[in-house]
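Accompanying notes for the structure given below.
Predicted, not measured: the structure shown is a model, and the values here were computed from it.
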Amino acid sequence: MGRYLLRRVLIMVPTLFAISIATFIIIQLPPGDYVTTLIAQYSAQGDQLDGPQIEALKNRYGVGDPMIVQYWKWISAILFHLDFGESFAWQKPVSSLLADRLPLTIALSIITLLFIWAVSFPIGIYSALRQYSAGDYVFTMIGFIGLATPNFLIALVLMYLGMQYFGTGAGGLFSPEWKDASWNIGKVLDLLGHIWVPLVVWGTAGTAGMIRILRANLLDEIRKPYVTAARARGVSETKLTVKYPLRVALNPFFSTIGWVLASLISADAIVSKVLNLPTMGPLLLDALRSQDMYLAGSIVLISATLTVIGTLISDLLLGWLDPRVRLGAR
Amino acid sequence: MTTIAEPHGAGEPDAPPPPDAPTAPEHGHHSDDAVAVASQWQLTWWSFRKHKLAMIGAIVTLGLYLMVIFAGFLAPYAKNFYSPEYTYAPPQQLHVLDDGRFGLYVHPQSAEQDPSTLQLTWTVDESARTDVGLFVKGDEYRMLGFLTLDRHLIGPVDPDGEPVFLLGADKNGHDILSRIIHGSVVSMTIGLVGVAISLVIAIVLGGLSGLLGGLTDTVIQRVIEFLMSLPAIPLWMALAAAVPPTWNPLERYFAIILILSLIGWTGLAREVRGKFMSVREEEYITAATVDGAGRGRLIFRHMLPQFTSHIIAGLSLSIPSMILAETSLSWLGLGLQAPVVSWGVLLQEAQNIRVITTAPWIMIPGLAVVVAVLALNFFGDGLRDAADPYKN
């Protein structure tokens with residue numbers, strides 16, 4: 001297990017390096033450099049930056065230096081000082097902006113992941129064991145429609161239905177009266193009353209995909225000769241399913257943590273905008289609109305890194321669960 | 001074997017069986033003889049036809065692409081037609097029977113504005129009627145690039161009278177039905193063009209990877225894994241935001257397609273690679289190599305035809321994800337922009353819940369997206385199942 005872990009962590013290094021290069025390119029994409037933009041913004045407000053300040057900024061971001069030096073200045077500040085640069089739209093360090101929103105984004109992603117598992121697990125098993133039953137068709141249909149509908153549309157429709165028929169408020173995680181309250185039971189209950197909308201919206205596509213995978217895997221597995229052999233020996237149907245095939249079919253639950261996390265973070269940008277959630281997505285959108293590139297780049301960098309970490313976790317879980325993966329010849 | 005069914009006639013359910021074929025094939029069931037001589041495409045078609053949902057998907061997909069071609073004729077109005085006094089006019093019910101006889105009409109509606117809240121209240125005038133006709137004269141449009149016509153499948157009989165909004169109107173008084181039909185041109189083709197670009201990248205890189213193996217394979221596979229590990233939407237957003245705002249709509253259209261396909265080729269490339277790797281080991285390839293066939297001939301004559309059907313299935317499954325991606329990007333305001341009309345651009349109107357509660361019909365373009373994506377998914381799923389007719 002130790003060697004497996006080491007190998008997996010080592011593979012991450014070139015990937016993270018490539019991600020940082022891609023992010024750096026994205027930051028550099030808009031014409032003009034950061035300091036010029038900042039000076040223009042200051043003069044638009046009637047302010048002036050004096051010479052030494054401009055020099056310090058130019059030195060900080062490596063304006064005029066070769067690309068490699070600029071890249072190094074940028075990445076070393078992140079690695080050694082967690083300094084992601086300044087957001088000129090907010091006039092705050094990027095790291096402080098992210099500190100507000102990152103925990104909620106991660107927490108919501110993990111809760112959604114648990115929600116996806118909790119829903120797709122029973123449905124996937126049911127669909128496989130009762131293949132082509134009415135229930136299987138209904139779930140398959142719902143799953144397909146879930147995959148075919150853009151996330152924001154699901155969010156809008158749910159909010160519309162909520163407004164029309166349940167009189168719930170428009171998005172957000174808290175009702176206005178609880179927004180600034182300190183944590184207590186009432187606030188938690190209020191949160192629970194709101195959180196199901198993002199969970200459902202966020203989780204739909206992932207749930208649909210997961211049900212399909214679990215169903216297909218379980219179907220493959222229960223047709224294998226060892227299951228027939230066990231059945232011939234009189235093993236009960238429940239035991240027959242739960243003891244072996246289900247364990248093998250569970251692999252995708254762990255192997256897909258990586259891409260489910262990626263797609264959750266992806267969908268965040270869109271869903272949170274509709275639902276008005278204080279996560280990273282809307283921040284990214286605003287940053288891109290105003291070409292606030294250090295903020296946007298940092299969010300892309302962090303999202304990609306989280307995805308890589310998710311993949312690592314899923315590989316480790318899979319290695320722990322399934323010796324074939326850990327000892328596989330590679 | 002005494003008699004052999006004509007491979008051609010056997011495939012069509014309606015064609016009379018050839019006189020010398022004793023085993024007239026029934027729907028979905030073919031005699032062993034017919035199966036034995038049928039071409040791969042024939043087998044694929046037989047297998048595909050059995051898949052009900054896939055057939056429905058195929059028909060709907062075909063219908064949507066016909067809609068793209070005949071958009072100008074099918075839409076009641078031109079895409080930039082608007083009447084400002086019909087802001088958020090609700091959908092009008094089309095009456096088909098006129099005193100027991102066939103006759104199309106709608107009741108006209110008019111708005112009243114509440115002076116304090118500025119909210120519009122629409123009332124239907126049940127006593128009056130606006131006649132609606134088929135093949136009526138209306139705005140001029142060009143079809144197939146050269147035909148200039150002015151007939152529309154459906155629309156108000158009097159083009160200068162009351163406008164007709166069968167699916168309602170948006171903020172500017174555009175007819176939503178017409179805009180959905182015109183929007184299909186961009187939305188449905190963005191998938192096709194994007195997939196074509198992805199296909200070229202996927203075949204070249206996937207092919208190299210599968211054929212050469214070794215270091216080339218490792219490098220390409222690592223690149224694919226890297227691209228797959230990136231969260232797609234933030235990356236799309238970042239790249240789309242970098243498209244200069246000064247570009248004209250056409251340039252923007254191609255830039256967005258390029259961005260979508262630069263990330264979308266990876267899955268297809270994997271499939272191509274896997275196929276090349278398995279076909280490479282087949283005996284007939286060895287035979288062809290021994291026979292002195294060059295590499296180009298090996299690839300294009302012997303290998304590619306072997307899995308064309310798989311590639312087509314893969315393609316039809318990537319079109320829907322492109323359509324969804326375009327819709328999301330445009331909705332966010334980072335994709336296509338008005339005056340271009342696409343389903344995503346139309347959905348830009350549906351930004352917040354307040355607008356939707358006043359005029360829920362502005363979400364109808366979303367229905368078009370769902371139908372198109374579902375149809376393409378079913379079609380692609382069926383194709384994928386049918387692509388390997390020798391499986392069973």
Taking every non-hydrogen atom, the tightest pair across A:A148 and B:L374: CB-CG, 3.8 Å
For the student: nearest non-hydrogen atoms of A:P150 and B:T327, plus distance: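 Heavy atoms of A:P150 and B:T327 come nearest at CG-CG2, 4.2 Å.
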Contact origin within A:L285 toward chain B - heavy atom pairs under 4.5 Å: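 Both parts, backbone and side chain.
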Atom group of A:A296 that falls short of 4.5 Å from chain B, counting heavy atoms: neither
Which atoms of B:L376 approach chain A - backbone, side chain, both or neither, heavy atom under 4.5 Å: neither
Rounded at 0.5 Å granularity, tell me how far [atom1] in [X] sits from [atom2] in [Y].
{"X": "A:T149", "Y": "B:L324", "atom1": "OG1", "atom2": "CG", "result": "8.0 Å"}
{"X": "A:I145", "Y": "B:N377", "atom1": "CD1", "atom2": "CG", "result": "11.5 Å"}
{"X": "A:F152", "Y": "B:L332", "atom1": "CZ", "atom2": "CG", "result": "8.0 Å"}
{"X": "A:L156", "Y": "B:W331", "atom1": "CG", "atom2": "CH2", "result": "6.0 Å"}

Partner chain B: residue of A:L153, A:I299, A:T23, A:L306 with the largest heavy-atom pair count (under 4.5 Å): A:L153
